[in-house]
Structure formats: C-alpha cells, structure tokens
> 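Got a structure for you, written out below as structure tokens; questions coming shortly.
So that the names make sense, note that chain A is the first sequence line, chain B the second, and so on, each numbered from 1.
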Amino acid sequence: MTGVETQNRLAALAIWSAGLLILGAFTLIVGDIFWRGFSGFELGFLTEDPADAGRAGGIRSVLAATALILLVCLAVTLPIGLLTGIFLADYTAGGGRFAPLVRRSLDTLAGVPSIVFGLFGNAVFAHLLGLRISILTGGLTLAIMVLPFFIRSAEESLRSLPVSFSQAAEALGLSRLTFYGKIALPAALPGLMAGLVLGLGRALAETAALIFTSGYVTRLPESLLDSGRTLSIHILDLALNVPGGAENAYRTALVLIVLLFAINGALMALTRLSPSYREYR
Amino acid sequence: MTGVETQNRLAALAIWSAGLLILGAFTLIVGDIFWRGFSGFELGFLTEDPADAGRAGGIRSVLAATALILLVCLAVTLPIGLLTGIFLADYTAGGGRFAPLVRRSLDTLAGVPSIVFGLFGNAVFAHLLGLRISILTGGLTLAIMVLPFFIRSAEESLRSLPVSFSQAAEALGLSRLTFYGKIALPAALPGLMAGLVLGLGRALAETAALIFTSGYVTRLPESLLDSGRTLSIHILDLALNVPGGAENAYRTALVLIVLLFAINGALMALTRLSPSYREYR
Amino acid sequence: NSSSEDIEKARLSLTGSSTIAPLALEIAKRYEAQNEGLRIDVETGGSSRGMADARRGLADIGMVSRRLKAEESDLTAHLLARDGVGIIVHSSNPIEAITGAEVTSIYKRETRNWQALGGPDADIILVHKAEGRSTLEVFLDHFKLDNPSITPDVIVGDNEQGIKTVAANPAGIGYVSIGTAEVAIENGAAIKLIKLDGIEASTATVADGSFPMARELNLVTYGEIPENAASFIAFAQSADVNDLIKGQSFVPPRR
Amino acid sequence: MRHAPPAILTHNVSVAFDGKPAVSGISASFPDCAINAIVGPSGCGKSSFLSALNRLNESVPGCKVDGNIELFGAALGRFAPNREELRRTVAMIFQRPVPFPLSIRRNMEIPITEHYGRNRQETAGRCEAALKSVGLWGEVENRLDMPATQLSGGQQQRLCLARALALEPRILLLDEPTSALDPMAAGLIEELLRELKSQMSLVLVTHNLAQARRLADTVTFFWMKDGHGYVAESGPADTLFNTPREDVSRAYFAGHIG
Amino acid sequence: MRHAPPAILTHNVSVAFDGKPAVSGISASFPDCAINAIVGPSGCGKSSFLSALNRLNESVPGCKVDGNIELFGAALGRFAPNREELRRTVAMIFQRPVPFPLSIRRNMEIPITEHYGRNRQETAGRCEAALKSVGLWGEVENRLDMPATQLSGGQQQRLCLARALALEPRILLLDEPTSALDPMAAGLIEELLRELKSQMSLVLVTHNLAQARRLADTVTFFWMKDGHGYVAESGPADTLFNTPREDVSRAYFAGHIG
Ligand SMILES: Nc1ncnc2c1ncn2[C@@H]1O[C@H](COP(=O)(O)OP(=O)(O)OP(=O)(O)O)[C@@H](O)[C@H]1O
Ligand SMILES: Nc1ncnc2c1ncn2[C@@H]1O[C@H](COP(=O)(O)OP(=O)(O)OP(=O)(O)O)[C@@H](O)[C@H]1O
Ligand SMILES: [Mg+2]
Ligand SMILES: [Mg+2]
C-alpha cells in the first residue's frame, strides 16, 4: 500500500496548513494593531494621563489602574487557584464524588457571560460588601472570572506529573504541604505559568465585567478603593463612544499587546530559571 | 515530628476550603440567575420572538441566531483546531522550531481584547470579504477568538496520550492519518470534549466581538448572511440599554446557563459512549 | 438573479447609538410589517460609529443620541425623540428639589454635605458620567460646567449603572435619563428624581418642553437620501410611532 | 549448492542517540524458522538494535542507525519498497502490551484494513484466524466489542500478537514480551512462540535467562564496554549456555555478573 | 536466653485491591543485618507485599492490607508513633530512580529538614555523609546545584539511596533497584547493599535470580495460585538455591518455569 505514504504526505500538508493559517491570522490581527498603533506613537503616551476623553494625552493612569487590578486579581487567583487545582488533581485530597461537581461548576462558570459577573460583582462586592466601584471590586470580580481557567490548567499540569514523585515523597515521610510546596508546584511550574499567562490574558482582555465593577475613572488611582479604568475598557470606550478616538484606541491596543508579550516572556524566563525546567520542555 | 500530621491536616483543610469556596461562588452566581430568571418564566419565552425591545415576547430568534453562529464557529474551529493541536503536540509533524512560535502567537491572541477581534472581523469579514454584518461574519470572528483556547486544550489532551500508542501504530505500519483519525483522537476524546465545552462556553459568553460582526437584529435569521443577535448580546442590551429589561435579561441568562449545562452533559454523554472512556477516568 | 438584486435594494441598514437602537428596532419592525419585502437591519456600536458608518456609506442611516455639533454639519439630522436628563438622589434622601446653582456648587465641590441643603449630615457622593457619553455633554452644557474641574467619587458609563450606584449610596447624587429613571423607580429602585429649578423631572415635562435639561435622539444621513431611507425617516418622525417612543421611556418631539 | 540466506543478517550496525552510540559494531545472523534470543543486562542497547531492524527508531528525533541490514538476502530498502510494507513484514511486540483504547474488534480491524483494504468479509476472516492462532478466540468471541483495555495483561499481549500476526509478517521482533506478565500468561505466550517458529523468524529480547534456555535456538549475548553495547558472543543456544568461549559470557551465564 | 526479634515478622498478611487479593497468607521473618531477597514471577504481589511493610499502599484507593506486621518485635503501630516516623525508619527504593526535578542539593535537603528541622550545618553534614556513603560525593561535590535529573541512571539511583540513608532508616526496602540500570551501575549498587547490611535489615525484591544468588542471606519465593500470590518456600539462601523442598521451587530455580 503505497497509498499510505501519500496519506502521510497529505496529513502533513493539512497539519502544516493549519499551523500556517493560525500564524497568518495572528500576523494579520496583531500586525494590524502594530501598524496602526505605531503611527504617531510617542513615549509621552505612556507618561501622560488621558485628556479630551482619551483623544489626547496618554494612558498613564489607565496603565496604573490596570496594573493594580491585575495585582488584586492575582493575589486572589494564585492561592485559591493552586489550592483548588490540587484539590481536583489529587484524589486523596478529598476529590472523590465532590471533585466532579466542582469541575462541572467551573466549566459552567467559564461559560457565564462576563456581563453577569459584572452585575454580580457590582451587587456583592461594590454594594453588599461596601467596596464601591473600585479597583478592589474590579480585581475580585476578575478573579472569579479567571479562576475557572486557571484552576483547570493548574489541575492539568499537576496531573501530568508522574505519580512516582508523590509516591517517592510519601516513602520519604514528607508532608503533603512539603510535597506540594517544594516538589510538585515547582515541577509543574511551566504548565502553571502557561495557565497564568492565559488567565492574565483573559483578565487583560475583559471589559463587560469591569464596566460595573472597576469603573471608568481616568484619574490616577490613589488607593484600591478608587475607581479606575483598564486598558481594555479604554479601548472599548475610545472605539465606541469617543468620535475620533480610533487612533488612540489602536495605540492603547498596541501597548496592551506589548504588555502581554512582556508578561509572557517574563514568566517564561522565570520558568527557565527553575531546575525542573529541562525535564518538561 | 508529629508536626507533619498537623501540617497534613492543615493542608487538607486549606485545599477543601478552596474547593468549597469555588462551589460557594458558583452557587451564589448561578443560584442568583436561577432565582431571578425563574420568577415568571413561561415556556412561551422560548417560542416567541422578542417584542417591545426585548421586554416582552421571548427569545426564539435569538436562540436560532445563537445556534447558527455556534455552528459556523464549530465548523471552522473543529478541523483547524484539531489539525493545529496535532501540529503542536506531535514533534514529527513538523513542530520543531516553528511550533513554539505558533504556541506563543496563540497565547498572545488569547489575550487580545475581544473588541479588537470585533473590529477586525468587521473590517475583514464584513467589509473586505463582503460578508456583511451577518451570522457568518460573527461565527468566523468567534472562531478566531475561540481557536487559541481550543487548540491549546487539544494539544494538551493529545500530549497526555502515552507515546506507546504512537509507537505501536508505527510498528503496525499505520499511516499518520489512520493513527490520528482512528486511534489518537478517539482516545483523546474526553480532553477534546472538555476543551470544546470551554471554547463553546467562551463563544456563548462573548459580546464585544459580536456587536460589530453578527449584529443586533432580532428577526429570525433566514440565511447565514442575515444579521442576528446572540443570547449574550441580548442580555447585555437588556441590562444596559433597555429600561425595565432586567427581568428578561435574567431569564435569558437562565436559558443560556441551562444551554451550557445541556451542551456539557451531551458532550460528556457522547464521550462516555466511546470505548476509550474507561481508560481515562 | 434579478430577484436577489431586488432583495439587495429592499435592504435598509441603521447603526449607531446603543441608546436609540432598541427604539429604532421597534420602529423598524412596525415599518417592515407595513412594507412587505423590505428588510431593516438595526446594528449598534455607539454614536460615533453611527456617524462614521453613515459617512462611509456602510449604513444608510446613523443613530446619534445628541444634537450634532457644528463640525458635524456634513451630516443631516432627523430628530426622532427627546430624552430628558434628570437629577437623582437616594429615595431615603428628604431633599425633593434642587436649583441649578446648588447643582453647580455640588459638582464644583463647594457644597460637600447634604446638611447645607437641609438634608441629613452626610458627605455628598458625586456620581458622574464618563467622557464621551452624550448625557454628560447635555449636563455640562446645561450647567456651563467644565469637565476637568469636576472630581467625582464615582464615574459611570450608562444610565443603568448610574441608577445602581445612587441606589446603593444613600448620600449619592447623579443624573440620568429621566425615562430610564422612571422605569427603574417603577421597578422599585431606591432612587428618586428631584425637581430642578422648581420644575418636575418627568417625561411629561420633557414632552411639553418645560423641563430644560434634555438631549436629542437623532437619525442622521449623509448626502443624498435614498428613497427607501427617506420614507422610513418620515415614518419614524410621524405620530404613528409615538407609542413606541413612549414605550422606550423617551419623549416624542412636538410635531 | 547454496544455503538459503538467513532471515536477518546485520553487518557492523550501530545505533546512536544525539551522536552518542548506544550499541555499535553489531554483526549478527538470525536464521529463519527459529527463535533467536538476545540477552544481556539493562541499557546495553538490545531494544535499540531491535528497533533498527524494522526502522522503528527512525521517528525518534536524534536517533541515527548505521551499517548494513539484510532481510532474506535483500538489503532493507530492496526487501520492502516502503516503510509501511517493512513494518507489516517485520512486526514488533513490546514489553508492555499496547492495546489501543478501542474495542477488541477495532484493534484488530484497523491494521488489517490499512494494509489489505476495506473488505468486510476478508477482514473478519483474518481477524478470526489471527485471534484463533493466539488462542484468544474462544475467550473473546462473544465480546469483540468490549474495550480491549478490559482484558487481562496476558490477554492484551496475545491480542497484540494477533494484531501483528493478522498482517502475516515474516519476521517477529519481541522486546521482553512476557516480563510484565504473570507466569501462567507468560507460559501461554512461550508456547505460542514455539508454535510460531515454524512459520517465521523470531527475535526475542529477554532478561530472563531461564526463558532463553527454554526457547532459544540461537543466542546473541550483548554486553557493555565504554558506555555502549556490543555483541560479546553469539551462536547456537547449546554452545552459549554450556560452553561459552568468552570470559564475560561464562561469568554472565554462571550468574556472577549482570 | 532469647534471641533478638527479627527485623520484620509478618503473620498471615494479605493485600487486596478493590476486594481482589493480590497476595494472601504471607507469613515471613526477615532478620536484621541481612539481605532478604524476595523472588518470583511478575504479578505475584512482591511489590504489593513490600509496600505493606511501610504502609505505603495506604494511600492507594481501594487497597486493603490485612494481617499482623511486627518490626523489631513491636507491632507496626507501636514501633513508629505515626506514618511519617515509620517511613523514615523503613525506607523504600523503587525500580526506576525517582529524583525530584530539582537540584541535587534540594533532593537531599528537603527530606532532611522535614525530619530533623532546619539546621543549616547539620543538614549539610548529613547530606555529605549520605552522599559519601553511596560513593556519590566525589562525583557531584562540585555541582550540587545541577538538576538531579541530569545524572546518569545509576547516579540517580545512588542519589535516591543517599536521600533515604540520610534519614538513618533501620530497614531498607528495595523493589528491583537495579533492573533499570546498566551492569556497571548495578554492580556499584550491589556492592553498596553488601556494605549496608551491617547496619540495617534489607528486603530486596528482584527478578534477577543471579543477583539473589550473589547477595541474599535469606530468600522468600513467591508463586501464584488461584490468581493471587503466596509464599511457596522460604529460608536461608543456600537451602533454597541448592536443596529446595517444593516442586514448584525446584522447577523455578532450575529455570523450567517462570
Ligand atoms: N530515545 C532515546 N533517547 C536517548 N537515548 C536513548 C533513547 N533510547 C535509548 N537510549 C539510550 O540507549 C541506551 C540503550 O538503551 P536500550 O533501551 O536499547 O537498552 P536495552 O538493552 O533495551 O535495556 P533494557 O533491558 O533496560 O530494556 C541506553 O543508554 C539509553 O539511555
Ligand atoms: N494500584 C493497583 N490497583 C489495582 N491492582 C493492583 C495495583 N497494584 C497492583 N495490583 C495488582 O496486584 C497484583 C500484584 O501486583 P504487584 O505489582 O504487587 O506484583 P509484582 O510481583 O511486584 O510484579 P512485578 O514483578 O511485575 O513488579 C497484580 O495482579 C496487579 O494487577
Ligand atoms: Mg529494552
Ligand atoms: Mg513489582
């Protein structure tokens, strides 16, 4: 059957085409942003606050608010996400019948429209808990949104570790805390980082959930209880509501993408520093 | 060191708390939607078209448009996603130096704000390719958005298969097409389905990318070139722009969540039918 | 082939302000029902997109939720309805009326406590609209305020958001679309509309022209108006749609 | 009058990973219709050498095979026109049974239709014949649609054998095929191999010297020097087990080393 | 005058998975300061039994251990107040070396600080002593911060031994500790085990009869009946290898079965 060789070649062709198509789409979308965003981009854009509804000035305060919101989001997502990831990956941690329930809940939450999270965050954090429309409220709401993604990817990366690690740790009489803290999480670092990058990406891209929670203010935030707008909301607002805002919208999108690259690169570099790295490409 | 036992107990406590917290948040958010959405819910809500800007009537046409957009999205995502997933998971398929580039691109795309996809889809599909604001344009735009997520999870589930499968297939002289089509993809089904559920969830929840691409029209779509609004846009519009639209917004959210559960359940049931299932919990 | 062209001809597209879109959608539905074979697609994306798409010919008609500015005179505005902007406070606030001078003084942070207006001893929480919102422009315009001089506690984007914020802050004050506020009050939101300079803030006073702070909801066209579009605009401006306008909590203009 | 050429003849074969040789200078000759055992300690390259015989390590990145391999007197390239044909003719069984996570039927059918085309009746016939030849037919006849992974380890290994035999190979490579099985299951497989040697040439890598003693017609003994494997001694089983020539073979077969 | 109690004494121990016994009725006695080999074919429950000795299979869901186990004359529960103490005292080495994917130093330090607290100097001392005792110190002294996974297989296994020895166990369980190593590396480990037996009791599961002959003081031979393992014969190594009593032992040690 020499048809097999032909088949192999066809398969390779299809697979490569798909890879190229994705790269093409990426180039088109990101290239477009770079192209338009770079024209007339000046460094002052990063150091000035927005003026004239965002048409003039820069995005300093928006960057600051974005960073703060991300930090709040991370501060909640990381511990809860890792613990829940362990919960799901490790049957002895208690998984049993309960884990599938949690897993199903997460999958459902992942599909809830973000506007619903926005309304929820507004009702619960902003009003019920009295945190107002603020960076704190926005970060907490984002955390709830990002958690389903982060948890699932934390679960996957923990699950992909060989069971022999856990067995060897038990044989050495190590506590579960030691095992997870010093062995499993460091070993799963590359996967965790990938999950974090995805989660942060989603957080950076979010708008609908933040409109009701972190708000629109373009003043430089002074505390976590101040309102502040993120890069994505700034882009949305410039694109939708501000006539003549398109140029700065693209510039902001450019900044956002460069930021994403930077976060991605930084986390990967961090990963490469860990001795666990070589084992798990 | 009996501290070890205490540590173990503390770790278990923390892990369980995290699991419970997630379940609590889920109950709160989804419970709220169910609670409010159920009050005054009638079956006619599913069989009538929206009236009075969505305050009255039902969501028949919105459901139809949503289904069509999802189908278009799936028709593009599934083949391209699977092929690209194979490309990334299988070094011999060509990965090499090229795969990390594709992987990085995908991670970046995953973090691009959806409004940018919306603008892109509007410019490229709607106007450049002349597909207008339509279900087709919306579905294609969604596909580009969902692909990064689906591809990464397809890659993960293929990668988690034992290499011995691929080795055994080679030893039997099977073509790569046969191996992937008849052995690897069926074996990776549970993971693929989970990825699909996540991707569909994201597609169902999307708004910003669709406002500019699939549109706002509430007429029952007659072709893929008609404009049509999805459940999420309907919810957003009712919540933001239609005074007194909150009730029907919650009812629509209820339908959306039940739909998600149904899709999730159906895909899992499908998975369970496959003989590969038992091997992989 | 010719039939598909016919379908092309019988298509009319509107895009723009998300505030107007629900109303335009209802009007379009009624008009379609009266004109067999015509299809009207209403899309949204904001006032600025409405104007941009009308100019580029991507839409037949744009929707703009404010009066056109002088530099936008290349477009033709067709008044569809009015929307009053009223001052709201928390329903537990005893204040029932306010003057223009008091509003100015509050928003300039000269008056900081409700006591100064005869209310409770509570620091006023200022709720303000985001830049680019037409309600904001109407508000600034009416009180001759300069936006950068205002330092609000909360900035919101939409009317619903403004209502939610004031409802949650007993010491809050804000301004929103009167029609939207009326519906919210009917649905039990903890806010109330207060008199401005002695004039009741209601859709009725907006309709009779006595309430001063209002915005226009316009359909806009660029250049020659095709026949299809012209007759739709005529319909949208006729008394036949008054019930729809009121249904969306807006106010029909005097015809 | 010339003898028939051996089933496998290798000359100076070496296998290297990333430039580092795992085995080198392997010259061996395995007759047809015989069980040819390869024995030797862990890591001396038995599996690497075995995979070279059906070019299975070609898809391992960084792996390079050098030297000459002849099958039934023809160079590897001339013997089988392409890789798939080669794999069909030179089958391979692994240490751990690898049933695909599909039904028993699908496990059998996929390779058969791949090589012989889609012919329902012929496929069913081949499938039944192969399962009978490994003694599995009676055990699974009525549950061909059950997942193959639910079979016991021994049954799984026999299924893998049947899957390969259905393609009518002329050479069967076995890499420690019983070392993960319990003694009864291993016994069944050993019996099977004895039956199969009337039809083909078998190359059996094993750690289990007792097994080699029981089964082998020829023995090739691998040992390690300078970090890579080489053939320390080879020949008829009797000679190696009873009168080995080399010191290292004598020590190994007497149980002093390895 | 009474003899010292054996290091390990089991009475009627059985291990079952999901209700299905893997081994049952194991009564055995392993003296201190000796290498006690467990031999037998695959699947007869050697690993399952070994794990029962330090309660390692307690965390395997569905696994149940029955019967009595005494260590140095004390019931398991009295011998070590809790599981962690037990694991420290009864160490276990696996077939494949399991270095954690961390530096060599971290691999050594984590268990030491877990059991003896954080004391920089004491930790370093224990670490060095343990690495010296397995002959690894000279090889890694200058690169303690390199990933342990970059060591060769033999070095990894010696690292695992050192990691366990640093905790000063009294019993060392070894589950085919050399079967994945090349003969030189295996030789080093064997030598090490011979040295260690002056300090503790070793239980060595091995497939390699030659290895058992070389090392064992006592031998316990597992065989299978009715789908589960049992002890067919046990006693001093000499007796078992030269004059086994049971038919099955005779056949197994002569290489006729298994
Ligand atoms: N894919 C690979 N990449 C790199 N090195 C490899 C690979 N496969 C095998 N090796 C190396 O080649 C050498 C021989 O390995 P091989 O598996 O052939 O030995 P073996 O005799 O079959 O051992 P065993 O009896 O343990 O199966 C080893 O040193 C091993 O590290
Ligand atoms: N985690 C487990 N779950 C279910 N069954 C198990 C598990 N571990 C072992 N078994 C079963 O217990 C029996 C004995 O297995 P065990 O690994 O103890 O044998 P062994 O003598 O060590 O074999 P080998 O020499 O192959 O290592 C086998 O039938 C196996 O299927
Ligand atoms: Mg091997
Ligand atoms: Mg074992």
> Is it the side chain or the backbone of D:Ile110 that comes within 4.5 Å of chain B heavy atoms, both, or neither?
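Contact with chain B: backbone and side chain both.
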> Checking B:Ala184 against chain D: side chain, backbone, both or neither under 4.5 Å from a heavy atom?
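Contact with chain D: none, neither part.
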> Under a 4.0 Å N-O cut-off, is there an ion pair linking D:Asp66 with D:Lys64?
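Salt bridge flag = yes for D:Lys64 with D:Asp66.
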> Once you measure the plane-to-plane angle for D:Phe49 and D:Phe30, does it fall in the parallel (<30°), tilted (30-60°) or perpendicular (>60°) bin?
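Perpendicular, since the angle between the ring planes exceeds 60°.
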> Report which part of D:Arg106 has an atom under 4.5 Å of a heavy atom belonging to chain B: side chain, backbone, both, or neither.
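For D:Arg106, the side chain is the part near chain B, not the backbone.
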> Restricting to salt bridge (Lys or Arg N to Asp or Glu O under 4.0 Å), what partner residues turn up for D:Glu70, sequence neighbours left out?
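Partners of D:Glu70 by the salt bridge (Lys or Arg N to Asp or Glu O under 4.0 Å) criterion come out as none, since no residue qualifies.
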> Rounded to the nearest 0.5 Å, how far does CZ of D:Arg83 lie from CZ of D:Arg55?
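If we round to the nearest 0.5 Å, D:Arg55:CZ and D:Arg83:CZ are 6.0 Å apart.
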> Of the backbone (N, CA, C, O) and the side chain (C-beta and beyond), which part of D:Pro169 lies under 4.5 Å from a heavy atom of chain B, both, or neither?
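Answer is neither: D:Pro169 stays 4.5 Å or more from chain B.
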> Tell me which of these, D:Pro111, D:Cys160, D:Ala164, has more heavy-atom pairs under 4.5 Å with chain B than the rest.
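Most heavy-atom pairs under 4.5 Å with chain B: D:Pro111.
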> Set out, in order, the CA-CA distance, both residues' side-chain angles and the distance that settles side-chain hydrogen bond (donor to acceptor under 3.5 Å, both in side chains) for D:Ser59 and B:Glu170, then state yes or no.
CA-CA 9 Å; D:Ser59 60; B:Glu170 279 203 56; 2.8 Å; yes
